Structures are given as C-alpha cells and as structure tokens.
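Have a look at the structure below, then the notes.
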2 protein chains.
Amino acid sequence: MPVTIYDIAREARVSIATVSRVLNNSSAVSEKTRLRVKKVMEQLNYTPNVIASALTKKSTLTLGLLIPDIANPFFAELARGVEDASSDFGFNIIMCNTDYSSDKEATYISLLKQKSIDGFIISSAYYNDQNVIELLKANVPLVLLGRDIDDSEGLPVDVVVSNNVKGGYIAAKYLIDLGHENIACLLGPPRIKVNLEREKGYLKAMEEAGLKVCPEAVGYGDFKIDFGFKKTLEILKGPCKSTAIFAANDLTAIGAMRAIKFLGLQVPNDISVVGYDNTMLAEMVDPPLTTVNQQMRKMGYIATELLIKRIKGERGVGEKIVLDTELVIRKSASKCKNVDIL
Amino acid sequence: MPVTIYDIAREARVSIATVSRVLNNSSAVSEKTRLRVKKVMEQLNYTPNVIASALTKKSTLTLGLLIPDIANPFFAELARGVEDASSDFGFNIIMCNTDYSSDKEATYISLLKQKSIDGFIISSAYYNDQNVIELLKANVPLVLLGRDIDDSEGLPVDVVVSNNVKGGYIAAKYLIDLGHENIACLLGPPRIKVNLEREKGYLKAMEEAGLKVCPEAVGYGDFKIDFGFKKTLEILKGPCKSTAIFAANDLTAIGAMRAIKFLGLQVPNDISVVGYDNTMLAEMVDPPLTTVNQQMRKMGYIATELLIKRIKGERGVGEKIVLDTELVIRKSASKCKNVDIL
DNA sequence: TTATAAATTGTAACCGCTTACAATTGTCTT
DNA sequence: AAGACAATTGTAAGCGGTTACAATTTATAA
C-alpha cells in the first residue's frame with residue numbers, strides 16, 4: 001500500500017538502483033536525474049522503509065538503553081540526555097528497565113540483538129558485568145554510562161562517568177571543614193563500582209585530616225530511601241557518635257534525614273547530611289540537601305554522541321570520559337556543634 | 001556471520017519453509033521434525049532476525065511512546081508502566097520526548113512510521129491534536145494515555161485516563177470541609193484537557209458549597225514549579241484573600257508552597273495547599289504534600305496492554321478506561337484559621 | 001490392495017532496499 | 001571522427017525471513 005522505491009522508479013523513469021542512489025546521496029547520479037527523482041519522491045510523499053534498508057545495511061538507527069529504573073530521577077535524567085543526543089543525530093532509543101537484575105539485562109540484550117539495534121548504552125553495569133563482557137567480545141558497539149566495569153579483559157570500552165573519587169572527597173572534606181570528625185558514610189551496593197570510588201574519596205579526605213573512621217559508621221546498602229533510614233538509625237544508636245552523614249546518593253540521604261527527624265533530632269543542627277547526585281529531589285526536601293552534583297544529562301548526551309560516532313566509523317573505541325563533580329551547598333549541613341576537643 | 005534460517009534448515013535436513021513453520025509454531029509440522037529443528041536451533045544458538053521477519057509480516061514488536069519529558073516524574077511513572085507491560089508481552093518501547101511541541105511530535109511520528117513500529121502510546125496529546133487525528137485517519141493503532149483529545153472526528157480511539165473531574169472535586173471538597181472558603185486554583189495549560197476537567201471538579205465543589213470563586217484566584221499556566229511560585233505570589237498579593245490553593249499538579253503545588261514560605265507565611269497554618277498526581281515528590285517536600293493520587297504506573301500498563309491486544313487482533317477499538325482518583329492526605333492542608341464568618 | 005483424502009514438506013516468489021558488476025552514454029584527445 | 005576513459009544508469013543477486021501453492025508422504029476407506 002505505501003509508496004515504495006519501485007513507484008518512484010517508475011514515475012521518474014529510472015531504475016530502482018538510481019532511486020536508491022539518490023536516497024543514499026551517492027555521488028554517482030547526475031544532477032538532472034537526482035532532481036527529477038527527488039521531485040517524484042515529494043509528489044508521492046515517499047518515505048523510505050527503514051526496515052528494508054536495515055536488512056542489507058544492518059543499520060536501524062536505533063540504540064538500546066539499559067537502565068535499572070526510569071522512575072528513579074537519576075536515571076530519568078541520564079535517559080533524557082541520551083534521548084536528546086539520539087534525536088539530534090537521527091537515532092531512536094529503545095528503553096529497557098533492568099530492575100538491577102542481571103538476568104533481565106541479559107534477556108533485553110538478546111531481544112535487542114534480534115532487532116538489529118546499532119549499539120547499546122548501558123547504565124546498569126555491575127562491577128564485573130558478564131553481559132557487558134560478552135557484548136564486548138562480540139564486538140557490539142556499546143558505551144558504559146555512569147558506571148564503569150572493573151575488568152573488561154583487556155577489551156577496549158568507551159566509558160562516560162563522573163569523577164566519583166573527587167565527589168566523595170569533596171563531600172567529606174566539606175563536612176570536615178565544618179568541624180565534623182565522626183562522619184558516617186552510607187554507600188550503595190559494592191558491586192557497583194562508583195560506590196567503591198566514592199568511598200575511596202571519603203577515606204582519602206578522612207585520612208588527610210587525620211581522622212579515624214568508625215567501622216560501624218560505614219555501610220553498603222541499596223541506594224534506596226529505606227536503606228538510608230534504617231542504616232542511619234543503626235548508626236546513631238551505635239557507638240560511633242557520628243555528627244555528620246555522607247550518603248552516596250540523594251535517596252539514601254533523604255532516608256538519613258528522615259531517620260534523624262524520626263529520632264527527634266534536627267538537620268543540620270544536630271546531624272549534618274550530604275548527599276550525592278543532585279537530582280531534583282535535593283532541592284525539594286526540607287532542609288534542601290547539600291549534595292554532590294553529577295552532570296547527568298550531559299553524561300547521557302556525551303555517551304550517546306560517542307556511541308553514534310563510533311557506529312558511524314568516525315572514531316575508534318576505548319575512550320574514558322570523566323566529567324567533573326562539584327558540591328552544591330544548600331542547607332543540610334552546618335558547623336559541628338559537639339566538638340568535644342575544643 | 002550470524003546463524004540464519006538457512007543454517008538451521010541445512011543442519012536439520014529440512015527446507016527453510018519448515019524451519020519458518022516451527023518458528024511461528026504453525027500446526028503443519030510433524031512433532032518429529034519440529035523437535036529435530038528445535039534441537040538444531042538450540043545447538044547453533046539461533047535467534048531469528050526480527051528485521052527480516054518484519055519485512056514481510058510488518059510487525060516489529062516495537063511500540064512508540066510519545067511523552068513530553070521523561071525527566072518529569074509524572075511521565076517517568078507512566079513510562080515505567082508502559083515499559084513493564086511491553087516487556088510482559090514481548091514488545092519493546094521507543095521513547096520520544098516531545099517537549100510539549102507539536103512539531104517535535106510530528107517529526108517523531110513520521111520517523112517511527114518509517115521504522116514500522118506496531119503502534120503508538122501517546123501521552124502528549126493536546127485538546128485537539130492534529131497529529132493524533134491524522135494517525136487515527138490512517139488507522140494506525142494507537143492509545144491515548146493520561147490525556148484525552150476533544151474531537152476525534154467520530155473516529156474510534158482507545159483512551160486510558162484517570163478521573164480528573166472527581167480528582168478536582170475531592171481536592172476542593174477537602175479544602176472546603178476544612179473550612180476554607182477562598183480557594184485558589186492553579187491549572188496547567190488549557191489545551192490539555194485534564195486541566196479543564198480538574199477545573200470542572202473544583203468548580204462543582206465550590207458551587208455545591210455555595211462558595212463563589214474569585215476570578216483572579218484561578219489561572220492557567222504550564223505545570224511547572226516556577227508558574228506555581230509566581231502565580232501564588234500574584235494571588236496572595238491580590239484581592240482574593242485565598243486561604244487555600246488547589247494546584248493541578250505536584251510541581252505547581254511545590255511552587256505554591258515555596259511562594260508561601262517566601263512571603264514568610266506557613267504551610268498549612270497560614271495557607272493550605274493540595275496538589276495533584278502524587279508523584280514521589282509529594283512525600284519529599286516539607287510539609288509532605290496532600291495530593292490527589294493518580295495511578296500512573298497502572299495507567300501506563302493498562303494502556304499498553306490495550307494497545308497490544310488490539311495489535312494482536314484480540315479486541316476492537318474505541319474503549320475509554322477511566323481509573324479512579326483519590327486523595328492522599330499528608331500535611332500540607334489544615335483547618336482554616338481565618339474564618340471571618342464565625 | 002488401491003484409490004483418495006489428509007498431513008507434511010518443499011519450491012519459489014516476494015517483502016523493500018542495497019550494491020557489485022555490466023552496459024550505456026558522454027567527454028575529451030589527437 | 002574514432003578511440004579511450006569517465007560518468008551515469010541498469011541488471012540482478014542478495015539481506016533473512018514468510019507463505020501461497022505444488023509435491024510428496026502418510027493415513028484411511030473401500
């Protein structure tokens with residue numbers, strides 16, 4: 001029913017090969033016939049069938065985006081950046097929510113491969129993600145977004161992340177400069193590499209300041225509000241006398257703030273809190289959350305751009321781009337009042 | 001390079017037609033050969049090429065999702081429901097952000113048509129969306145999600161929305177029952193039908209209670225924080241003496257709360273606020289926002305299910321599903337203190 | 001046992017486009 | 001004006017499946 005290349009060929013009195021040539025603006029077409037063909041395409045309101053061309057060209061102008069959960073504002077921001085770039089370059093995005101499950105991830109990957117997508121943007125990679133390793137081995141174009149893997153078995157990967165070590169460092173440093181000495185640290189799952197890095201930054205700041213970290217005040221969890229809430233209760237009731245909490249994402253920080261309030265204490269007067277990500281939630285909560293900013297949308301955009309350029313053959317593989325992080329100071333952290341030593 | 005139907009045929013010593021038959025589990029294959037073919041498919045780790053089959057079957061098992069902005073938690077929730085359903089039924093979702101632009105919407109639509117997607121889920125439809133009308137005329141499978149259109153020129157459409165009139169009504173009624181008489185109303189763009197409906201509910205409640213609405217206290221805007229902030233300042237400085245504000249979405253409500261605080265007043269002691277949507281933001285803000293709950297994820301899920309069943313030919317077109325709305329009472333609204341009359 | 005219907009399988013055209021290669025046309029030299 | 005070469009266009013074989021129709025095999029009935 002729809003207009004095909006044959007219809008155009010017939011009307012323009014040329015072969016379908018020629019029509020195909022003007023479609024792909026190949027040089028080997030005289031200006032005269034090119035114009036004639038284009039005119040017919042206009043008249044008949046022709047749009048080429050991407051599926052048909054994909055069958056031979058292999059390219060579908062479609063990318064797969066794997067994220068844990070689009071309902072999480074962090075990933076929604078990443079996704080927006082990804083979609084913006086795709087749209088700018090004429091690509092489309094198939095969105096997949098893996099729910100932090102390696103199995104779901106694998107299922108999506110095989111499904112998308114069947115659909116001949118041109119590449120993957122993966123933001124759900126674990127510390128050592130077998131799915132990713134396999135894709136790399138199969139030489140499937142892919143970029144890791146926001147999350148690095150630890151071992152790519154020597155295979156080149158493109159990675160776009162932000163400076164997590166710095167992020168952890170400046171968060172802790174800020175609290176230290178405010179006079180805090182007992183600073184708790186709530187991290188996400190250790191199998192996600194960013195947590196190790198943020199912890200590293202935190203530890204570095206502590207060490208530089210000659211402060212010891214209380215073991216019970218550092219814990220891994222799952223990046224959710226509830227974990228922040230429970231772990232904070234635990235810490236504040238424990239032996240560590242923490243006066244400040246650094247949480248490795250905003251949701252956990254929000255959970256921590258709730259726990260503090262739940263105990264009848266105040267943020268930041270009694271306990272200071274610093275979060276991570278700077279999602280829109282940070283400015284919504286009370287008090288507004290001081291947090292480490294990640295340029296999420298930009299990360300998504302750059303990663304996608306990188307991938308598309310690689311697909312087009314405009315560049316090689318194996319780049320690692322680290323975007324800067326910085327502290328956004330709001331109201332959830334203040335000077336330490338219980339400085340024992342002074 | 002990848003395994004094709006020919007490889008399977010050769011190994012299983014059958015024709016490609018037979019392989020295709022077991023692929024589509026057509027009945028006309030003997031159990032014996034079916035098993036043999038399946039075994040070979042396993043051994044060779046074969047996955048059929050969706051693109052190739054799409055060329056003849058026309059179906060790509062892919063749906064297009066048009067939303068204004070995935071970074072908006074409301075749409076993120078819808079999208080999550082959509083993706084969940086797609087995944088459950090073996091479909092994938094191409095996500096498009098239209099940024100409230102009819103042109104962008106049209107561009108995406110034509111792009112997705114070229115990619116032979118099986119149907120559209122449209123959540124960006126305006127009061128009278130020409131893009132949608134055209135799709136309907138072309139008989140493209142489509143479902144409207146969260147937003148109805150006003151005139152489909154008699155063409156049947158599937159629509160999944162929530163009960164906006166009721167939502168507006170219960171929000172206003174709640175405030176009225178708390179003793180408020182001067183209730184402002186901040187609405188989104190009038191070209192989005194839900195706003196007219198929510199307003200209708202609000203007006204109905206006011207009328208039932210014998211209250212008059214102050215014209216300056218009702219205004220259309222753009223569903224964003226900033227609008228809520230500015231309009232609220234305007235209203236509170238104006239002649240209407242509003243003691244409560246009903247905002248047609250959570251973001252606007254949050255803007256309103258900020259304006260109230262900005263003026264040195266308290267929520268809810270001085271001014272009560274009720275929002276709409278019950279996004280995750282509602283429980284984050286201070287005070288937690290009393291708001292009308294929409295079952296966003298469920299809406300997305302149901303809409304997608306409807307669309308897929310239609311595509312599969314399991315049902316006709318022209319259904320309108322209205323999900324219930326209810327008030328979620330938190331802390332942003334309280335009894336009216338300035339009741340003049342008493 | 002044989003004719004006939006039913007079940008199974010194979011052949012080949014087609015989906016709409018790309019592209020290697022061949023054929024044709026045009027341009028430039030001498 | 002003929003030959004050599006470049007530019008343009010056409011032919012036809014895929015890409016990996018689906019499916020109408022024909023061919024073959026098997027089951028059933030007389």
Side-chain angles (χ1 to χ4, degrees), chain A residues 1-38 40-41 44-62 110-118 312-313, chain B residues 1-38 40-41 44-62 110-118 312-313:
Chain A
M1 210 48 154
V3 182
T4 74
I5 203 173
Y6 291 92
D7 302 316
I8 306 299
R10 190 174 352 94
E11 289 303 310
R13 326 197 107 261
V14 293
S15 72
I16 57 165
T18 300
V19 178
S20 176
R21 287 193 189 99
V22 346
L23 233 37
N24 298 280
N25 40 117
S26 143
S27 53
V29 183
S30 76
E31 205 48 32
K32 200 166 55 169
T33 62
R34 174 190 309 283
L35 252 45
R36 182 151 40 90
V37 170
K38 285 215 164 181
V40 175
M41 297 202 296
L44 271 58
N45 193 21
Y46 168 74
T47 62
N49 182 326
V50 178
I51 299 293
S53 102
L55 197 51
T56 46
K57 287 219 277 194
K58 264 39 183 164
S59 162
T60 50
L61 299 179
T62 306
S110 93
L111 215 71
L112 294 188
K113 272 176 157 179
Q114 293 176 30
K115 294 194 176 175
S116 308
I117 61 162
D118 295 341
K312 288 185 176 171
Chain B
M1 210 48 154
V3 183
T4 75
I5 202 172
Y6 290 92
D7 302 315
I8 306 299
R10 186 170 359 90
E11 289 302 310
R13 327 198 105 261
V14 294
S15 72
I16 59 164
T18 300
V19 178
S20 176
R21 285 191 191 101
V22 345
L23 233 38
N24 299 280
N25 41 120
S26 145
S27 54
V29 183
S30 77
E31 206 47 33
K32 200 166 54 171
T33 62
R34 173 189 309 283
L35 252 44
R36 179 151 42 91
V37 171
K38 283 216 164 178
V40 175
M41 297 202 296
L44 273 59
N45 193 21
Y46 168 74
T47 61
N49 182 326
V50 178
I51 299 295
S53 102
L55 196 52
T56 46
K57 288 220 276 194
K58 267 31 184 166
S59 162
T60 50
L61 299 178
T62 305
S110 95
L111 215 72
L112 293 187
K113 272 176 156 179
Q114 292 176 29
K115 294 195 176 175
S116 306
I117 62 162
D118 296 341
K312 288 185 175 170

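The structure presented is a predicted model; accordingly, all values stated were derived computationally and were not measured. Letters go in sequence order (proteins before strands), and every chain restarts at 1.
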#### Entry: Net bend of the helix from C/dT1-D/dA30 to C/dT30-D/dA1, end axes of five pairs each, nearest 10 degrees
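Comparing the axis at each end, I get an angle of 40°.
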### Message
List the residues meeting salt bridge (charged side-chain N to carboxylate O under 4.0 Å, His left out) with A/Arg13, not counting sequence neighbours, and say none if there are none.
### Response
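Applying salt bridge (charged side-chain N to carboxylate O under 4.0 Å, His left out) to A/Arg13 gives none.
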### Message
If you assign each of B/Ala52 and B/Glu31 to its closest nucleotide in DNA chain C, which residue comes earlier from the 5' end?
### Response
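Residue closer to the 5' terminus by nearest nucleotide: B/Glu31.
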With [X] via side-chain hydrogen bond (donor to acceptor under 3.5 Å, both in side chains) - residues at least two apart:
{"X": "B/Thr56", "result": "none"}
{"X": "A/Lys115", "result": "B/Thr62, B/Asn92"}
{"X": "B/Thr33", "result": "B/Ser30"}
{"X": "B/Lys57", "result": "B/Asn24"}

### Task
Taking only the side-chain heavy atoms of B/Lys57 (C-beta and beyond), determine which of D/dT19, D/dT9, C/dT18 contains the nearest atom.
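Side chain of B/Lys57 sits closest to D/dT19.
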### Query
Where the side chain of B/Leu55 is concerned, which of C/dC15, C/dC17, C/dC21 is the nearest nucleotide?
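The listed nucleotide nearest to B/Leu55's side chain is C/dC15.
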### Task
Name every residue in residues 4-18 of chain A that has at least one heavy atom under 4.0 Å from any atom of DNA chain C, in order of residue number, or write none if there are no such residues.
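Here the set is A/Thr4, A/Ile5, A/Tyr6, A/Ile16, A/Ala17.
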Residue-phosphate contact under 4.0 Å: [X] side-chain N/O, [N] OP1/OP2:
{"X": "A/Lys58", "N": "D/dG16", "value": "yes"}
{"X": "B/Tyr46", "N": "D/dG16", "value": "no"}
{"X": "B/Asn24", "N": "D/dT18", "value": "yes"}

#### Entry: Partner residues of A/Leu35 under the side chain to side chain contact (heavy atoms under 4.5 Å, CB included) criterion, sequence neighbours left out
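With neighbours one apart ignored, the set is A/Glu31.
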Restricting to nitrogen or oxygen on both sides, can you table the protein-nucleotides 22-26 of chain C pairs closer than 3.5 Å?
none

Less than 3.5 Å apart, which donor and acceptor atoms pair up between the side chains of residues 45-53 of chain A and the rest of the protein, not counting sequence neighbours?
unit_1, atom_1, unit_2, atom_2, d
A/Asn49, OD1, A/Ile51, N, 2.8
A/Asn49, OD1, A/Ala52, N, 3.1
A/Ser53, OG, A/Val50, O, 3.4

### Query
To the nearest angstrom, how far is B/Leu61 atom CG from D/dT18 atom P?
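Between P of D/dT18 and CG of B/Leu61: 11 Å.
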